[in-house]
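Each residue takes its place number in the sequence, starting with 1.
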Amino acid sequence: MAHFLVEYRDTGKAGVREEKRGDHIAYRKGLGSAMALAGPLLGDGDAPVGSVVIIETDDQAQAEAVAAADPYVGAGAMEIVSVRKYRIA
C-alpha cells in the first residue's frame with residue numbers, strides 16, 4: 001500500500017457543488033481509514049478553490065480511480081489536477 005496526494009480544482013459551478021455536497025461527503029467518509037487527510041484549498045477571503053486528499057491505495061491506477069469516482073468530479077464541480085505518490089513523514 002502507498003499514499004497518494006490528490007489535488008482537485010474547483011470549476012466554479014457553485015450550484016452543482018451544493019447539489020452534490022451530500023454525495024461528496026458520503027463518498028469521502030466511505031473511504032474510511034484509506035483517507036488519511038482531506039480538506040479544502042482556500043483562496044482570497046477563504047473561499048474554496050479546490051481540495052486536497054491523501055489516500056492509501058495499492059497503486060497509482062487505483063488512486064486515480066478513487067479520485068475520479070468522487071461525485072464532485074462526475075458532476076463537473078471539481079476536476080482532478082494531479083494524483084501523486086506521497087510519503088507521510
### Task
Check salt bridge (charged side-chain N to carboxylate O under 4.0 Å, His left out) between Glu7 and all other residues, then give those that pass, not counting sequence neighbours.
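Scan of Glu7 (salt bridge (charged side-chain N to carboxylate O under 4.0 Å, His left out), adjacent residues dropped) gives Arg84.
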### Message
So, taking the atom named CE in Met1 and the one named CD in Gln62, what distance separates them when rounded to the nearest 0.5 Å?
### Response
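Those atoms lie 6.5 Å apart.
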For [X], what are the other residues in its hydrophobic cluster, where any two members join if their side-chain heavy atoms are less than 4.5 angstrom apart?
| X | result |
| --- | --- |
| Val53 | Phe4, Val6, Tyr8, Tyr27, Leu31, Met35, Ile55, Val66, Tyr72, Val73, Met78, Ile80, Val83 |
| Ile25 | none |
| Ile54 | Leu5, Leu37, Leu41, Val49, Val52, Tyr86, Ile88 |

### Message
Glu64: which residues meet the side-chain hydrogen bond (donor to acceptor under 3.5 Å, both in side chains) condition with it, sequence neighbours left out?
### Response
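Counting only residues at least two positions away or on another chain, Glu64 forms a side-chain hydrogen bond (donor to acceptor under 3.5 Å, both in side chains) with Gln60.
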### Message
Once side-chain hydrogen bond (donor to acceptor under 3.5 Å, both in side chains) is applied, do any residues pair with Arg28, and if so which ones, sequence neighbours excluded?
### Response
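With neighbours one apart ignored, the set is Ser51, Asp70.
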### Task
Over all heavy atoms of both residues, which pair between Ala77 and Val16 is shortest? Give the atoms and the distance, please.
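Looking at all heavy atoms of both residues, the shortest contact is CB-CG1, 4.0 Å.
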